[in-house]
Amino acid sequence: MEYNHKEVEQRCQKYWAENGTYKVHEDVSKEKFYVLDMFPYPSGAGLHVGHPLGYIASDIYARYKRLEGYNVLHPMGYDSFGLPAEQYAIQTGQHPAVTTKTNIEGGTDKDGNVIPGYRKQLDQIGFSFDWSREVRTSDPSYYKWTQWIFKQLFNSWYNKAEDKAQSIDLLIAHFEANGSDGIKAVCDEHDAFTAAEWKAFDEKKQQEILLYYRLAFLADSWVNWCPALGTVLANDEVKDGVSERGGHPVEQKLMRQWSLRITAYAGRLLQGLDKLDWSDALKDQQRNWIGKSKGASVKFKVDGFDDMIEVFTTRPDTIFGVNFMVLAPEHELVSKITTADCKEKVDAYVQAAALKSERDRQSDVKNITGEFTGAYAIHPFTGDKVQIWIGDYVLASYGTGAVMAVPCGDQRDWDFAKHFNIEIKNIFKDVDISEAAYAEKDAVITDSDFLNDLPVKKAIGVAIKHIMDAGIGVGKTNYRLRDAVFSRQRYWGEPFPVYYKDEMPYVLEGNYHVELPEVDKFLPTEDGDPPLGNADKWSWCINKKIVKDNDQQNGTCTFPLELNTMPGWAGSSWYFLRYMDPCNEKEFVAKDKADYWGQVDLYIGGSEHAVGHLLYSRFWTKFLYDLGHISFDEPFKKLINQGMILGRSSFVYRLIPHINNLFSVEKETIEKAFSLLPPVFISYSHIERYKKEESLTQDESENLGKIKRQLVELGEKMTANVQEKLNDFNLPISYTIQEYVNQLHVDISLVQNDELDIEGFKKWREEYKDAEFILEDGKYICGHEVEKMSKSKYNVQTPDELVDRFGADTLRCYEMFLGPLEQSKPWDTQGINGVSNFLRKFWRLFHNDELFAVSDGEADKKSLKTLHKTIKKIKEDLDRFSFNTVVSAAMIAVNELTDQKCNNRDVLEKMVIILSPYAPHICEELWAKLGHKESVTFAQFPEFIPAHLEDSSYAYPVSFNGKMRFKLELPTTLSKEEIEKEVMANEQTAKYLDGKDPKKVIVVPKKIVNVVM
RNA sequence: GCUCGGAUGGUGGAAUUGGUAGACACGUUGGACUUAAAAUCCAAUGAACAUUGCGUUCGUGCGGGUUCAAGUCCCGCUCCGAGUACCA
């Protein structure tokens, strides 16, 4: 009986669904294992073959761990707040909640397009997700807990003394008892106050101060404003100065926004990386993003003012090399200290810098610009006056927005000094700085008072000591990491559980949360408020019941609500916790459940989340840990980034007709004439040949000549065909290959082995219905290129087609067989037959002609060897996440068992178990046929018995000077000396020795023999 | 520029601690079955030379080195990919 994948897969999937096979419960008697995928944003386009790659790997691993006896949590859900649904809503008026539901559950969109639905697409691949634990971030029962976490952040501050977050109440108690004295916190700067003063402050003032401490806080900050999207963006949502989504320009804008004080966790986020089993590349990305640098902060007094300019430097040892200071154009002191005669130029410069977008500023890096403010700073040790400049190579958002410029030791300062002809002071002994700055740390300092003759590394410490003694600064660690902007001016996101009283923010108390209100339109209001400003009816909810209407007209609530929503990463920062206890209405997760499931043991997803999602969820995890809600402070123990699957695009080459004596004809006439001509296509090979015309063989060049003649004929024919219509034109239209070729994407479903389905192509597009083709051997061969999969490139391969043709098991095995999981690779269906054959061959092992037939009794020795070799290999490979080599090993096993004509029950039954993670359907079916009532899911992974692999002899490769010459079968019981003797006695050895004496014979038992001559 | 990866047949890739390079699969070629095609099965398949068989030489991006032995380790380079970029 041939394997019928459709029937079997349907039956298995029904069985699993009906029996709740993959439903999992907390069970303290079993060890847990948590396998997680990064949950998808449910887009209308549905899945292509790249999406399930990681899910397949994680599913295989989850199934493998179940076979090993673990209680496996393997959930799935949707990151369902997001931009595309909102943008679709703006265009069509369709509520994002509706689109989102359709995209998940299937249906049709407003234009009547059929949406397959994520769930259906996932189900047909046979994943072992526990769907009873599904979460959707846009579901009120989920996001009320996202709001709850926000409230915790709002009500917390970071205590540096204890290096953890604590309740804001502790801080208030401290203020009441001691004022601001004795508090070590991560906070914004403010004036000190006593307990008495604190008590005397009115509520607004108190709230204002608390806001400086809260981990979720409102502040005026420079943000990435994207006018096209009408919203601010986080740093990781901006790439190359444009928005990551849509590629719109981004500018810097000072706005009052919610931020999360992630910088408080910078040190712990950095240290935490050491104990994680993540790739070095990924850890490095996070390290770079956090960007720790050690140095000192130093204050320079501004001459004639009381103000100090604070700078951060990693090279305090070069303090005597300071030639000038540079402030960022946005620096707050600029307008104050600029002298009257410099004012005009400085103002112009500041204004120009403000107008420049981030991208322009970046692309302008090579252009050195700046202005002298006319002001001077006093060098703290020499008392010298140094010029204060402004320049946009100094960034407002890093450090203090000001630098002490040391041209001899920093290339940027050097360039700046050269450009403005500022004299450069050299404080390095025997170092030439006439061509470039000397940034290496192996010099000796000179001309620097107390630092003289010290090597750089020592001088750094000494300099910091002097700076501290002088009271002008401290040793300091600086981070590149910024606080995370948490407001978005959008509709389709979590609303904040925040209202305003006296312009100060307050969070809703207790279990209250805010449901996303209905709006008429999803655009900003006329006053420029975010889309939520359009809502006139709001609901505060508790336990799904509406308890308050924020209806200002009727006076039930007099406080305005926050109109921003949270960013996309809010909901995804903690979803892995909700899976542990998805229906809990009292808590975001019950402590005992969080304790049982603990960290995610294996997390698989794309590397595009390296510094966004993965950093934010680490931050939230540490925060929740600080407050004692969970007992672990890192969310993801082991992480694998699956590579991208690229598409293989196909191309056709359309010839553009041209006219030789253009000047005699009007453009319009030409266009009209051309529009009447049917399109003409030439093959990829024609172009290839044309490109290398010079170096063609005689045959090829004859061929090319033939094609050229064909083209001329075709040109004449075309012209003749349309002559009637063109009538008066009488244009000398012709076709040649040169330069007049348009490369066009063609739908890959019309192409097989690079050959175009011409009839299908003509039907594909109305404009191609009369197309002409220049064929070769009766075929039209398309060109191809490897690109990202996308609808517009017509190179999207959906899993649905492949499941239909080959079955889910084949798709699963094939995606793994393609290559290492982490590697990017082009999709190519050509190899899928091999995998399909393998599964059918496996099926045939259990069948004799039409009938299921396995034999009982003792297994053949050879078969046992094959089996145990395979058990060992597959276990080892899975343990090191080498998913591709497992398929090879399984193929070898099936090939060998087929050769052995093995149909032994014991052997085959074990094969079913070890293959079931890869091919769950076929294995479930065979498992049932073998007479089992329970699902193969809970079988036991067979034990590897080494005895089956032991051989009485081994074929030694015998090499001479490292070159393998022949093999010699010898008993494994022989000692080194005996092996050497046997080898030397062999007649072939004599041949290769060729009369020479061996200098040495190396014998590695059960490995190799090497004769050195 | 910096950081991190990577480079192995016509193709995807394998070789886990230095020990038979090219497993497994695709593709290609030849053959069997068939009226024919598809499917299936069998054989060959790194390159060059030699072919009467045995075979010989070269071969893991390039140049050196360590070693009895290097795809694997060390030094220097080339190219490709990813991330990041005036971070003081």
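Atoms considered below: every heavy atom in the structure, side chains included; atoms not considered: hydrogens, waters and symmetry mates. In what follows, chains are A, B, ... by sequence order, proteins preceding strands, each numbered from 1.
Comparing atom distances between the A/Met964 side chain and each of B/G19, B/U20, B/A15 picks out B/U20 as nearest. Ranking B/C24, B/C87, B/U20 by closeness to the A/Leu395 side chain, first place goes to B/C87. Looking at the side chain of A/Arg480, the nearest of the listed nucleotides B/C4, B/C24, B/C87 is B/C87. Of the candidate nucleotides B/U20, B/C86, B/G13, B/C86 has the atom nearest to the side chain of A/Tyr393. Listed candidates were B/G13, B/U20, B/A15. Nearest to the side chain of A/Ile1008 is B/U20. Among the nucleotides B/A23, B/A88, B/G19, the one closest to any side-chain atom of A/Thr313 is B/A88. If you check B/C24, B/A88, B/U20 against the side chain of A/Thr314, the one that comes closest is B/A88.
The CZ atom of A/Phe960 sits 10.0 Å away from atom NZ of A/Lys991, with the distance rounded to the nearest 0.5 Å. With rounding to the nearest 0.5 angstrom, the CH2 atom of A/Trp414 is 6.0 Å from the CD1 atom of A/Ile424.
The separation of B/C80 from B/U20, taken at their P atoms, amounts to 33 Å, rounded to a whole angstrom. Here, B/G76 and B/C49 have their C1' atoms 35 Å apart, quoted to the whole Å. B/G63 and B/C68 are spaced 24 Å apart, taking the C1' atom of each and rounding to whole Å. With P as the reference atom, B/A23 and B/C77 are 35 Å apart, rounded to whole Å. With P as the reference atom, B/A14 and B/A7 are 9 Å apart, rounded to whole Å. B/G71 and B/U84 are spaced 36 Å apart, taking the P atom of each and rounding to whole Å. B/U11 and B/U28: their P atoms are spaced 15 Å apart (whole Å). The separation of B/U67 from B/C75, taken at their C1' atoms, amounts to 16 Å, rounded to a whole angstrom.
Counting to the nearest Å, the P atom of B/A14 and the CD atom of A/Glu876 are 16 Å from each other. Rounded to an integer number of Å, the gap from A/Phe806 CZ to B/A25 P is 17 Å. Here the P atom of nucleotide B/G81 and the CG atom of A/Asn641 are 20 Å apart, to the nearest Å. Protein atom CZ of A/Phe881 is 18 Å distant from nucleotide atom P of B/U16, rounded to whole Å. Rounded to whole angstrom, the span from the CE atom of A/Met644 across to the P atom of B/G83 amounts to 8 Å. Rounded to a whole Å, the CZ atom of A/Arg412 is 11 Å from the C1' atom of B/A85. With rounding to whole Å, A/Gln830 atom CD is found 7 Å from B/G27 atom P. We find that CG of A/Asp284 is positioned 11 Å from C1' of B/C2, with the value rounded to whole Å.
Within the 3.5 Å criterion, the main-chain N or O of A/Gly643 finds no donor-acceptor partner in the side chain of A/Gln823. A/Tyr956 places a side-chain N or O within 3.5 Å of a backbone atom of A/Lys1006 that can act as its donor or acceptor partner. Under a 3.5 Å cut-off, the side chain of A/Ser959 and the backbone N or O of A/Val1009 do form a donor-acceptor pair. A donor-acceptor pair is defined here as one N or O able to donate and one able to accept, closer than 3.5 Å; no such pair exists between the side chain of A/Ser297 and the backbone of A/Lys476.
In this structure, A/Lys873 reaches the bases: a heavy-atom distance under 4.0 Å links it to at least one base atom across the strands shown. In this structure, A/Arg482 reaches neither bases nor backbone, as no heavy-atom distance under 4.0 Å exists between it and the strands shown. Using a 4.0 Å heavy-atom distance criterion, A/Tyr992 is classed as a sugar-phosphate-only contact. A/Pro820 comes within contact range of the sugar-phosphate backbone alone, with a heavy-atom separation under 4.0 Å but no base atom that close. Within 4.0 Å (heavy atoms only), A/Asn884 reaches sugar-phosphate atoms of the nucleic acid but no base atom.
Side-chain to base pairing of A/Lys1007 with B/U20: no donor and acceptor N or O lie closer than 3.5 Å to each other.
Residue pairs satisfying the salt bridge (charged side-chain N to carboxylate O under 4.0 Å, His left out) criterion with at least one member in residues 879-893 of chain A, sequence neighbours excluded, are listed as follows: A/Lys875-A/Asp879, A/Asp877-A/Arg880.
Residues A/Leu282 and A/Leu614 are in side-chain contact: their nearest non-hydrogen atoms beyond the backbone lie under 4.5 Å apart. The closest side-chain heavy-atom distance from A/Lys788 to A/Asn795 is not below 4.5 Å. Contact of the A/Cys408 side chain with the A/Thr318 side chain is not registered, since no non-hydrogen atoms from C-beta on lie closer than 4.5 Å. Residues A/Tyr64 and A/Ile874 form no side-chain contact, since every pair of their non-hydrogen atoms from C-beta on lies 4.5 Å or further apart. Between A/Leu968 and A/Ile979, the closest side-chain pair of non-hydrogen atoms is not below 4.5 Å. Counting heavy atoms from C-beta on, the side chains of A/Met789 and A/Val49 come closer than 4.5 Å.
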Taking only N/O atoms, report every protein-nucleotides 38-49 of chain B pair under 3.5 Å with atom names and distance.
unit_1	atom_1	unit_2	atom_2	d
B/U40	OP1	A/Asn837	OD1	2.9

Might you list the N or O atoms of the protein lying below 3.5 Å from N or O atoms in nucleotides 58-64 of chain B, with each pair's distance?
unit_1	atom_1	unit_2	atom_2	d
B/C58	OP2	A/Lys963	NZ	3.4

Report, one pair per line, the protein and nucleotides 65-68 of chain B atoms (nitrogen or oxygen only) whose separation is under 3.5 Å.
unit_1	atom_1	unit_2	atom_2	d
B/C68	O2'	A/Asn1010	ND2	3.0
B/C68	O2	A/Asn1010	ND2	2.9

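Comparing A/Val835 and A/Lys825, the nucleotide of RNA chain B nearest to each residue sits closer to the 5' end for A/Lys825. Both A/Asp877 and A/Ile832 sit near RNA chain B, but only A/Asp877 has its closest nucleotide nearer the 5' end.
A 6.0 Å sphere centred on CD of A/Glu435 holds no more than 12 heavy atoms belonging to other residues, nucleotides or ligands.
Base orientation for B/G9: syn, the chi torsion being within 90° of 0.
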Show me the side-chain donor-acceptor pairs of residues 893-900 of chain A shorter than 3.5 Å, one per line, residues at least two apart or across chains.
unit_1	atom_1	unit_2	atom_2	d
A/Asn895	OD1	A/Lys841	NZ	2.7
A/Asn895	ND2	A/Met891	O	3.4
A/Glu896	OE1	A/Thr866	OG1	2.8
A/Glu896	OE1	A/Lys869	NZ	3.2
A/Glu896	OE2	A/Lys869	NZ	2.8
A/Thr898	OG1	A/Val894	O	2.6
A/Gln900	OE1	A/Ser863	N	3.4
A/Gln900	OE1	A/Ser863	OG	2.8
A/Gln900	NE2	A/Thr866	OG1	3.0

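Between A/Trp827 and A/Tyr814, a ring centre-to-centre spacing shorter than 6.0 Å is recorded.
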What would the secondary structure line of RNA chain B be in dot-bracket form, counting Watson-Crick and G-U wobble pairs under 3.5 Å, with [ ] for pairs that cross earlier ones and | for pairs with another strand? (((((((..(((......[....)))((((((.......))))))((((.....))))..(((((..]....))))))))))))....
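The pair A/Asp284-A/Arg287 meets the salt-bridge criterion, with a side-chain N (NZ, NE, NH1 or NH2) lying under 4.0 Å from an Asp/Glu carboxylate O.
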